[in-house]
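See below for the structure under consideration.
Basis for what follows: all heavy atoms, side chains included, without hydrogens, waters or symmetry-related copies.
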Amino acid sequence: MKRIVYVLMVLGVMVGGCGCSLKKKLATNGKNMVDGHEYVDLGLKSGTKWATCNVGATKPTEYGDYFAWGETKPKTDYSWATYKWCDNKKTDIAGNPKDFTKYVEDSTIGLVDNIIVLTAEDDAAAANWSSAWRMPTYDEFVELVKGCNWEWTNDFNDTGVAGKVGTSKANGNKIFLPAAGDYWDTHFCNVGERGYYWTSSLGNYSTRFAYNLFFSSDGIDRYEIGRYRGRSVRAVLK
């Protein structure tokens, strides 16, 4: 009996002594990595797994890149004039384009194709990470919001980065979304105060709009906004 206890004690010392290296191994090669990107299982009913950092970022506290909806590369000017999916040669009285070339349900503002969810080639997550990843749909963001308890922080893990922490109601795992702000034309706005994350879903109000997740210290919700805006992308696994 003494010999068994001694062996267990030795094993305990060995595991305790190499804890840091084991932790590092899990962070780089563990079961929660797909194609070099980490995910968290929040125990959601759909089984959707969420990335732990934004597209263009290497850790949860980095803002990452900003994309117009349906575009896969960041840029310096996020406006209708530079938006990929309209020719911007026909506009209404307010200057909004009336010649969209993809993701169109309204014949008065473009060629109707009735595509309401981003295809893989226009998905910033799939294009920049791998085909295993994609942008979340509106319904998946609804599930994320409802499946977690959300808390605002001004200083996530002593990094000085503000954002929302979601704690899963199912298993207690956490996800952090930094308040990365967004781009409107060439203006970088609301950084550290608000977060805006694109879904892959076209808006219902207008073909010009797409759904995104919005949050601040006051709350978290989903709404529609012009597709030209430069906003964050948080990927999910297919």
Side-chain angles (χ1 to χ4, degrees), residues 34-35 37 39 44-51 54-56 64-75 77-146 177 182-185 195-214 221-238:
V34 172
D35 292 341
H37 302 285
Y39 69 86
L44 301 173
K45 289 184 179 180
S46 69
T48 303
K49 308 298 191 297
W50 286 79
N54 292 347
V55 173
D65 292 326
Y66 299 81
F67 304 91
W69 190 83
E71 297 186 7
T72 59
K73 299 296 181 184
K75 52 189 182 182
D77 179 5
Y78 294 84
S79 64
W80 285 131
T82 66
Y83 185 60
K84 180 177 181 178
W85 298 115
C86 67
D87 292 331
N88 208 46
K89 294 178 180 178
K90 298 179 182 179
T91 60
D92 62 17
I93 193 170
N96 296 310
K98 296 180 64 177
D99 50 8
F100 282 84
T101 58
K102 194 172 183 180
Y103 306 105
V104 182
E105 291 186 292
D106 181 356
S107 62
T108 66
I109 57 176
L111 183 62
V112 173
D113 56 18
N114 289 317
I115 304 174
I116 61 173
V117 177
L118 288 173
T119 56
E121 63 268 24
D122 304 324
D123 184 308
N128 288 279
W129 282 10
S130 78
S131 59
W133 296 90
R134 60 172 172 79
M135 292 167 60
T137 64
Y138 173 87
D139 289 340
E140 286 167 337
F141 259 126
V142 170
E143 182 185 46
L144 176 68
V145 171
K146 291 183 177 180
L177 301 175
D182 76 329
Y183 276 93
W184 175 37
D185 294 339
Y196 305 93
Y197 288 75
W198 283 125
T199 76
S200 61
S201 302
L202 191 68
N204 285 326
Y205 177 76
S206 170
T207 283
R208 298 186 181 101
F209 293 177
Y211 280 108
N212 70 167
L213 178 78
F214 159 77
D221 207 347
R222 290 84 55 203
Y223 74 102
E224 302 176 41
I225 195 69
R227 289 154 54 172
Y228 68 93
R229 299 288 286 263
R231 302 202 152 174
S232 304
V233 168
R234 179 61 65 93
V236 295
L237 284 170
K238 289 186 175 181

Please tell me if the side chains of W133 and V55 come closer than 4.5 Å, counting only heavy atoms from C-beta onward. no
Going by ring pair (Phe, Tyr, Trp, His ring centres under 6.0 Å), Y196 matches just one of W184, Y78, Y211, F214. Which one? F214
Would one find more than 12 heavy atoms of other residues, nucleotides or ligands at under 6.0 Å from atom CD1 of I116? no
Find the distance between OH (Y66) and CG (N54) and round it off to the nearest 0.5 Å. 8.0 Å
For the pair W80 and Y228, name the ring-plane relationship: parallel under 30°, tilted 30 to 60°, perpendicular over 60°. tilted
Is there a donor-acceptor contact under 3.5 Å from the side chain of E143 to the main chain of S46? yes
Checking Y197 against N212 for the side chain to side chain contact (heavy atoms under 4.5 Å, CB included) test, could you report, in this order, the C-alpha distance in whole Å, the side-chain angles of both residues, the deciding distance, and whether it holds? CA-CA 5 Å; Y197 288 75; N212 70 167; 5.8 Å; no
Can you give me the closest heavy-atom contact between A125 and R134, atom names plus distance? CB-C, 3.5 Å
Hey, does D77 have a side-chain heavy atom less than 4.5 Å from the side chain of D185? yes
Taking all heavy atoms of N88 and all of P97, pick out the closest pair and write down the distance. OD1-CB, 3.9 Å
Taking all non-hydrogen atoms of both residues into account, name the closest pair between E71 and T82 and its distance. OE2-O, 3.8 Å
Which value, rounded to the nearest 0.5 Å, describes the distance between S201 atom OG and L118 atom CG? 8.0 Å
May I have the step-by-step check of side chain to side chain contact (heavy atoms under 4.5 Å, CB included) for L213 and L177, ending in yes or no? CA-CA 11 Å; L213 178 78; L177 301 175; 3.8 Å; yes
Just checking, is any N or O donor in the side chain of D139 or T137 under 3.5 Å from an acceptor N or O on the other one? no
Heavy-atom distance under 4.5 Å between the side chains of T199 and R222, does that happen here? no
Distance from E224 atom CD to S206 atom OG, nearest 0.5 Å? 8.0 Å
Between NZ of K146 and NZ of K45, what distance do you get to the nearest 0.5 Å? 11.0 Å
Are I109 and N96 close enough that some pair of their side-chain heavy atoms sits under 4.5 Å apart? no
Aromatic ring pairing W85/Y103, orientation class (parallel under 30°, perpendicular over 60°, tilted between): perpendicular
Which pair of non-hydrogen atoms, one from L202 and one from T207, has the smallest distance, and what is that distance? CD1-O, 3.7 Å
After noting the C-alpha distance and the side-chain angles of Y223 and I225, does the key distance pass the side chain to side chain contact (heavy atoms under 4.5 Å, CB included) rule? CA-CA 7 Å; Y223 74 102; I225 195 69; 4.0 Å; yes
Between N128 and T72 (side chain of the first, backbone of the second, donor and acceptor by atom type, cut-off under 3.5 Å), is there such a pair? yes
Report yes if the side chains of W69 and F209 come closer than 4.5 Å at any heavy-atom pair, otherwise no. no
Do C86 and F100 come close enough that some side-chain heavy atom pair is under 4.5 Å? yes
Scan for salt bridge (charged side-chain N to carboxylate O under 4.0 Å, His left out) pairs involving residues 87-99, sequence neighbours excluded, and state none if there are none. D92-R208
Quick one: are K84 and D122 in side-chain contact, heavy atoms under 4.5 Å? yes
Specify the closest pair of heavy atoms between G56 and W129, including all atoms of both residues, with the distance to one decimal. N-NE1, 4.2 Å
Any idea which heavy atoms bring W198 and R231 closest together, and the distance? NE1-CB, 3.4 Å
